[in-house]
Amino acid sequence: MSQLEAEDDILSGLNPQQREAASHGEGPLLIVAGAGTGKTATLVHRVAWLIGQGIDPRRILLLTFTRRAAGEMLRRVDRILARQAGGGSLVRDARVWGGTFHAIATRLLRLYGKSIGLAAGFTIHDRSDSEDLLNVVRTELGLAKTDKRFPKKGTCMSIYSRCVNARQRLAPVLKRHFPWCEDWEDELKRLFDAYLDRKEAAAVLDYDDLLLYWDALLADEEAGERVRARFDCVLVDEYQDTNSLQASILARLCPTGRGLTVVGDDAQSIYGFRAATVRNILDFPKQYPAATIVHLEQNYRSTQPILAAANAVIGQARERYQKQLWSDRSGGDKPLLVTCENEQDQTESVIRRILQRREEGIDLRRQAVLFRASHHSIMLEAELTGRNIPFHKYGGLKFVETAHVKDLMAFLRLAENPRDLVAGSRVLVLLPGIGPKRSRALMQLLVESGGSLEPWRSWTPPLAAASEWPRLVELLEELRGGEQGLPAQIHAVRAFYEPILLEKYDNPAPRSRDLEQVEQLSSRYADRQAMLVELTLDPPSSTQDLAGPPQLDEDYLVLSTIHSAKGLEWDSVFVIHAVDGNIPSDMATGSPEEIEEELRLLYVALSRAENFLCVTCPLSYYYSPGRWSDAHGFAQMTRFLPPHVRKLFRECVSWIGGDGAGEEAEIVTGLSSEAIRRQTKDLWS
DNA sequence: CTGTTGAAATTTTTT
DNA sequence: ATTTCAACAG
């Protein structure tokens with residue numbers, strides 16, 4: 001095969017714009033890719049094309065939003081190259097560097113961290129670990145009890161995190177995002193100072209540090225040059241969801257923009273709460289004047305009526321790259337907009353349609369239910385469970401965030417890094433007679449001994465812990481010895497922890513089974529460090545994921561937060577709770593920018609659908625997620641579906657008939673029951 | 001100091 | 001429902 005034919009083969013199946021993007025040369029490249037325009041395919045082909053041009057795969061860096069995205073893209077690159085090379089794969093042995101910013105940062109910092117004074121054996125704190133450490137410092141500084149309430153640990157963490165990720169000073173961050181904390185500026189400064197000290201003493205990095213240290217590594221003259229020299233090409237997916245710090249990392253990696261490719265859609269920027277800024281993608285051409293911009297506008301995903309509805313929604317946005325998505329997938333029905341009496345009604349209506357779709361030959365796994373907040377699916381989950389309809393839920397509380405799994409991991413982390421104060425305290429307070437004070441003192445001993453367990457061995461525990469203490473020390477020494485394989489280590493931890501677990505929880509059986517599962521799963525990881533890193537940086541998003549790849553014949557419905565649905569697509573999509581207060585979330589109506597992000601969120605949700613889209617609005621809702629109160633109120637349909645947008649939907653009203661089977665009436669006049677109810681409500685509200 | 005008990009407050013998205 | 005905080009007994 002000639003070179004030209006080979007190139008052609010790699011690029012086959014791409015439209016002209018995609019082709020231009022995939023085979024672009026060395027200059028900085030911005031691909032503005034609307035929803036469903038084959039963004040992933042383009043990026044995958046670009047990587048394959050670069051390798052086809054003779055670039056060493058190991059010198060390509062592919063930054064994605066999740067590990068799953070990276071894995072899937074690299075598999076596709078492999079397939080293209082294998083097809084071209086007639087079987088043998090170039091990439092498998094010489095891997096492209098692929099992963100999230102945080103995962104890549106970890107790899108690089110393990111390699112080069114020493115040159116900027118970072119301990120090699122650092123462990124990584126997830127969000128709640130970081131909050132715990134911050135809380136320790138908060139208590140120590142006496143900020144926990146003040147006359148006026150000091151911000152809680154979660155709030156402090158958010159403030160800190162925003163400063164770091166947005167690279168902004170404390171004062172403006174407080175003023176703009178946390179005005180109710182402005183009085184505490186001095187205390188917060190002290191708190192953050194002390195927090196930095198404690199992290200250093202404990203040899204731990206939090207999520208933000210990973211980026212911060214990567215950036216610092218690149219800023220270092222010598223180390224920075226070595227890292228830069230590693231890569232010829234840097235490709236970034238979901239660029240609209242990167243923050244200022246990540247942009248800085250990229251600028252240091254590719255100072256002239258040479259070799260830099262970014263892909264994204266400003267209309268899908270939905271991580272502002274994590275300090276992502278749509279300015280990164282909007283200002284890319286300004287930052288790299290030599291940049292080539294390619295627009296992908298042909299949508300391959302959705303039918304014309306679905307696309308029209310989604311376009312109308314995003315059409316309400318203020319500033320964005322003008323693009324008109326079009327689809328030649330004509331035909332198909334208008335999306336449905338179902339007004340429901342209440343949440344039960346919504347649940348019933350959604351399940352009935354899902355089963356109906358299944359009857360029509362659409363497997364459950366090709367259908368998804370999307371919602372703004374994790375708890376919005378509680379009732380649906382209960383009902384699905386009751387009817388034996390299998391589902392996987394993405395987003396929300398993760399398996400590794402449950403208390404018992406965290407306990408187990410704390411043992412491993414303490415063995416990995418004896419200075420890790422949060423992990424250590426977590427383990428120590430499990431023992432009777434040891435509380436916060438003693439655990440603090442014990443961890444101090446370890447920090448001073450440089451990680452040796454000797455001071456613990458000679459410590460005299462209080463009577464209550466007398467029998468457990470020597471066993472704990474012995475366990476930790478075993479773990480530290482590194483003689484045992486990972487599953488054996490976990491087995492040993494379980495043996496120690498099991499009685500504590502039985503004591504600690506009301507319903508310990510399922511928790512105990514979870515830990516058994518963790519032990520089984522652990523054999524998949526190279527070693528303890530690999531497992532700890534992967535579980536903190538990219539935890540399995542559903543319990544089912546943990547059990548391994550699903551069987552091929554297994555069919556399950558997907559439930560997902562809209563955030564976790566990013567980049568994915570399904571034949572049929574149901575968007576539930578499309579009422580004001582949920583979309584936009586009451587939490588996010590403080591500023592026009594926040595509201596605009598909520599609008600984009602709805603756009604992301606709608607644009608996931610290929611052939612069938614259904615939006616539901618339960619009008620009566622409970623104030624609180626749980627059911628400990630029956631206080632309820634009436635909601636209004638989301639403000640993002642004003643009448644002119646609603647015209648693109650087929651509107652229905654749904655109610656539950658006497659036999660539980662739903663009935664529906666199409667709305668023919670402009671006056672919906674919602675409107676009637678609203679008018680009535682106006683009489684007294 | 002630890003561990004328990006009771007009262008009060010809470011509200012979202014995630015690497 | 002769950003988390004957080006203060007008060008108090010051992």
Side-chain angles (χ1 to χ4, degrees), chain A residues 63-70 99-106 124-131 135 138-139 144-146 149-150 152-155 157-158 161 164-165 205-211 214 238 241-243 245-246 269-276 370-376 378 394-398 401 403 428-429 431-441 461-465 503-504 533-539 541 560-566 577 581-590 594 597-598 600-602 604-605 622-629:
Chain A
L63 292 162
T64 57
F65 207 71
T66 61
R67 179 177 52 184
R68 195 164 122 232
T100 61
F101 273 84
H102 294 85
I104 297 293
T106 306
I124 302 169
H125 275 181
D126 68 13
R127 171 71 186 236
S128 77
D129 297 325
S130 307
E131 286 180 5
N135 204 32
R138 199 176 82 131
T139 315
K145 42 180 184 187
T146 43
R149 276 211 323 278
F150 190 74
K152 315 236 298 225
K153 61 181 180 184
T155 313
M157 196 67 231
S158 302
S161 191
V164 171
N165 284 293
L205 298 188
D206 60 28
Y207 285 145
D208 304 328
D209 287 332
L210 292 172
L211 302 182
W214 186 5
E238 309 281 11
D241 285 321
T242 54
N243 59 43
L245 181 54
Q246 289 166 316
S269 165
I270 54 174
Y271 277 83
F273 68 92
R274 227 166 70 184
L370 307 183
F371 34 86
R372 173 66 175 88
S374 181
H375 69 254
H376 289 162
I378 293 175
Y394 295 89
L397 186 73
K398 302 202 174 87
E401 285 159 1
L428 289 168
V429 297
L431 299 196
I434 300 186
K437 274 277 154 51
R438 283 203 250 256
S439 84
R440 195 91 44 83
L463 200 58
E503 182 74 22
K504 193 174 164 186
V533 167
E534 290 194 27
L535 286 184
T536 38
L537 289 191
D538 198 3
S541 36
S560 175
T561 58
I562 300 174
H563 283 91
S564 295
K566 190 164 120 104
H577 287 292
N582 289 336
I583 310 178
S585 164
D586 274 337
M587 257 61 266
T589 46
E594 282 179 300
E597 178 155 317
E598 299 284 309
R600 294 192 294 262
L601 209 44
L602 179 62
V604 168
Y622 289 97
Y623 282 124
S624 326
R627 236 141 298 146
W628 63 93
S629 140

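A note on names: the letters A, B, ... follow the listed sequences, proteins ahead of strands, and every chain is numbered from 1.
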For His577(A), does its backbone N or O pair with a side-chain atom of Arg372(A) as donor and acceptor, under 3.5 Å? no

Rounded to whole Å, CG of Asn582(A) lies from C1' of dT11(B) at a distance of 11 Å

Where the side chain of Asp241(A) meets the backbone of Ile270(A), is there a donor-acceptor pair that is under 3.5 Å apart? yes

Tell me the interatomic distance from Leu428(A), atom CG, to dC1(B), atom C1', rounded to whole angstroms. 15 Å

Can you tell me how far P in dT4(C) sits from the matching atom in dT13(B), rounded to whole Å? 16 Å

Compare side-chain N and O positions of Ser374(A) against OP1 and OP2 of dT12(B) and report whether any pair is under 4.0 Å apart. no

Are Glu401(A) and Arg127(A) ion-paired here, with the side-chain N under 4.0 Å from a carboxylate O? no

Of Phe101(A) and Gly433(A), the one whose nearest nucleotide on DNA chain B sits closer to the 5' end is Gly433(A)

Nucleotide dT14(B), atom P - distance to CG of Asn243(A) in whole Å: 17 Å

So which nucleotide from dT2(B), dT15(B), dC5(C) ends up closest to the side chain of Arg274(A)? dT15(B)

Using the six-membered ring wherever Trp is involved, compare the ring planes of Phe101(A) and Trp214(A) and label them parallel, tilted or perpendicular (cut-offs 30° and 60°). tilted

Under 4.0 Å, counting only non-hydrogen atoms across every strand here, what does Tyr271(A) touch: a base, just sugar-phosphate, or nothing? sugar-phosphate

Listed nucleotide nearest any side-chain atom of Lys153(A), set dT15(B), dT4(C), dT12(B): dT4(C)

Closest to the Lys437(A) side chain: dT15(B), dT14(B), dC1(B)? dC1(B)

Under 4.0 angstrom, heavy atoms only, what part of the nucleic acid is Ile270(A) near: base, sugar-phosphate, or nothing? nothing

Do side-chain atoms of Glu238(A) reach the backbone of Phe65(A) as a donor and acceptor pair under 3.5 angstrom? no

With DNA chain B as reference, determine whether Ala373(A) or Ala464(A) sits nearer its 5' end, using the nearest nucleotide of each. Ala464(A)

Using a 4.0 Å heavy-atom cut-off across all strands, classify Thr536(A) as base, sugar-phosphate, or nothing. nothing

Leu463(A) CG to dG10(C) C1', straight-line distance once rounded to whole Å: 14 Å

In whole angstrom, give the distance that lies between atom CD1 of Ile434(A) and atom C1' of dC1(B). 12 Å

Quick note, Lys152(A) side chain, CB onward, closest among dC1(B), dT10(B), dT12(B) is dT10(B)

The side chain of Arg138(A) lies closest to which of these nucleotides: dT2(B), dC5(C), dT14(B)? dC5(C)

Considering only heavy side-chain atoms of Thr561(A), the closest of dT11(B), dT13(B), dT15(B) is dT13(B)

In whole angstrom, give the distance that lies between atom NE2 of His563(A) and atom C1' of dT13(B). 4 Å

NA contact type, Pro436(A), heavy-atom cut-off 4.0 Å: base, sugar-phosphate, or nothing? sugar-phosphate

Among the nucleotides dT15(B), dG3(B), dT12(B), whichever has the atom closest to the side chain of Pro432(A) is dG3(B)

Looking at Ala275(A), is its backbone amide N or carbonyl O close enough to the side chain of Asn243(A) to form a donor-acceptor pair, meaning the two atoms are under 3.5 Å apart? no

To the nearest angstrom, how far is Glu598(A) atom CD from dT13(B) atom C1'? 8 Å

Whole angstrom is fine here: how far is it from CZ in Arg127(A) over to P in dT12(B)? 12 Å

Do we count Phe273(A) as stacking onto dT14(B) if the rule is ring centres under 5.5 Å and planes under 30°? no

